[in-house]
Amino acid sequence: MRQTILLLFALLASLPSAAQEKADIEVSYTYSYLHRSGKERNKTMILLANAITSKFYNPETEYVDSLENTPEGKEIYDRMKLAAYTSGSMKNVPSRSLPMYIYKFKEKGETEIYDGNATMMFTFKEPYEAQNWEIGDSTQTIAGYECIQATCEYHGRQWTAWFAPEIPVQDGPWKLSGLPGLILLAEENTGQHSFLATGLRTTDRTINPVLGKHNYEKASRMEMLKALRKFEDNPEAGLSAALGVTIKVRGGLKFDGTVDFLETDYR
């Protein structure tokens, strides 16, 4: 598989750049993060990318969006939820617990973001920007590829990334990109967020748009982060406002105030 991937990119490098709707590579990542409860959570994320466009998303969220996109799918999803509720456990019902989609359009110079939590979801656009990386001398092997270390400061956090020059896709998880190779591991220095590649393959999958766009409220990046922070600081009030009823939890909801988002420059 590795030789196939490298051969594909050798061929692609010889072709003229053109607008593409299909990905050349699919990368699976494990996104590890601290939940506001203080417990670590892990989510599978997918990067579909070609030389000029990419999409980074949670496949469980996209599955829910695809179900709710048609009357037939919505009926199936409703039956799944009813069966789970009847059994007394909603554990195995897919949900939008991580409603994140990140589209990078490099030729247009634009990044399109869909993000939030299970209660509040927002969308906005911002200029595409590669981070100001400082490439170091350290190396390590990840997923069978020799990777080089690079560091940067981005929107309030210090990131260390490891990229594979053998895979000349200047992209990576979340908003991270711009290194001369695919980012296979990225960690910020507080240990609250990390992305680790767990598999990659060549693909011709279409980079589809978000099916559940109507679920996302338009906002700016700062408006989103401040609204989510307000919710995190007082989730009972946030849930009450979202559901239109007063929510009270005995003893209150107590969360770790040191846990923060991927971007912290809203403070």
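Position 1 is the first residue of the sequence, and the numbers go up from there. No experiment lies behind these values; they were computed from the predicted model shown.
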[atom1]/[X] to [atom2]/[Y] distance, rounded to the nearest 0.5 angstrom?
X    : Y    : atom1 : atom2 : answer
T160 : L185 : OG1   : CG    : 9.0 Å
I207 : E21  : CD1   : CD    : 9.0 Å
E126 : Y128 : CD    : OH    : 11.5 Å
T203 : N50  : OG1   : CG    : 11.0 Å
D65  : E60  : CG    : CD    : 11.0 Å
K74  : L67  : NZ    : CG    : 11.0 Å

Look at the side chain of E188 and the backbone N and O of H193, then say whether any donor-acceptor pair between them is shorter than 3.5 Å.
yes
Between T30 (side chain only) and T44 (backbone N and O only), is there a donor and an acceptor less than 3.5 Å apart?
no
Pick out which of Y29, Y101, F261, Y154 makes a ring-ring contact (aromatic ring centres under 6.0 Å, His included) with W174.
Y154
Return the orientation label for the F195 and W159 ring planes: parallel under 30°, perpendicular over 60°, tilted otherwise.
parallel
Ring center gap for Y33 and Y31 short of 6.0 angstrom
yes
Tell me whether the centres of the aromatic rings in W162 and Y145 are closer together than 6.0 Å.
no
Should the heavy atoms of other residues, nucleotides or ligands under 6.0 Å from CZ of F124 be counted, would the total exceed 12?
yes
With a sphere of 6.0 Å drawn around CG of N42, does it hold more than 12 non-hydrogen atoms of other residues, nucleotides or ligands?
yes
Determine whether the side chains of E112 and Y114 contain a donor N or O and an acceptor N or O closer than 3.5 Å.
yes
For [X] versus [Y], what's the shortest heavy-atom pair and its separation?
X    : Y    : result
S95  : Y77  : CA-OH, 4.0 Å
I148 : P165 : CD1-CG, 3.7 Å
S66  : L211 : CA-CD1, 3.6 Å

Restricting to salt bridge (charged side-chain N to carboxylate O under 4.0 Å, His left out), what partner residues turn up for D171, sequence neighbours left out?
K104, K106
Please name all residues satisfying salt bridge (charged side-chain N to carboxylate O under 4.0 Å, His left out) with E68, sequence neighbours left out, ordered by chain then number.
R96
For a side chain to side chain contact (heavy atoms under 4.5 Å, CB included) with I183, tell me which candidate from S177, P173, C147 qualifies.
P173
According to the salt bridge (Lys or Arg N to Asp or Glu O under 4.0 Å) rule, which pairs have a member within residues 132-144, sequence neighbours left out?
none
Intermediate values then yes/no, side chain to side chain donor-acceptor pair (under 3.5 Å), T123 and K218:
CA-CA 5 Å; T123 181; K218 289 187 177 180; over 6 Å; no
What's the verdict on side chain to side chain donor-acceptor pair (under 3.5 Å) for T190 and R157, showing C-alpha distance, side-chain angles and the deciding distance?
CA-CA 8 Å; T190 71; R157 289 196 180 275; 3.2 Å; yes
For the pair S97 and K43, evaluate side chain to side chain donor-acceptor pair (under 3.5 Å) and give the outcome as yes or no after the intermediate values.
CA-CA 9 Å; S97 58; K43 292 288 184 180; 2.7 Å; yes
Taking side chain to side chain donor-acceptor pair (under 3.5 Å) as the criterion, tell me which of R229, K226, R221 meets it with Y266.
R229
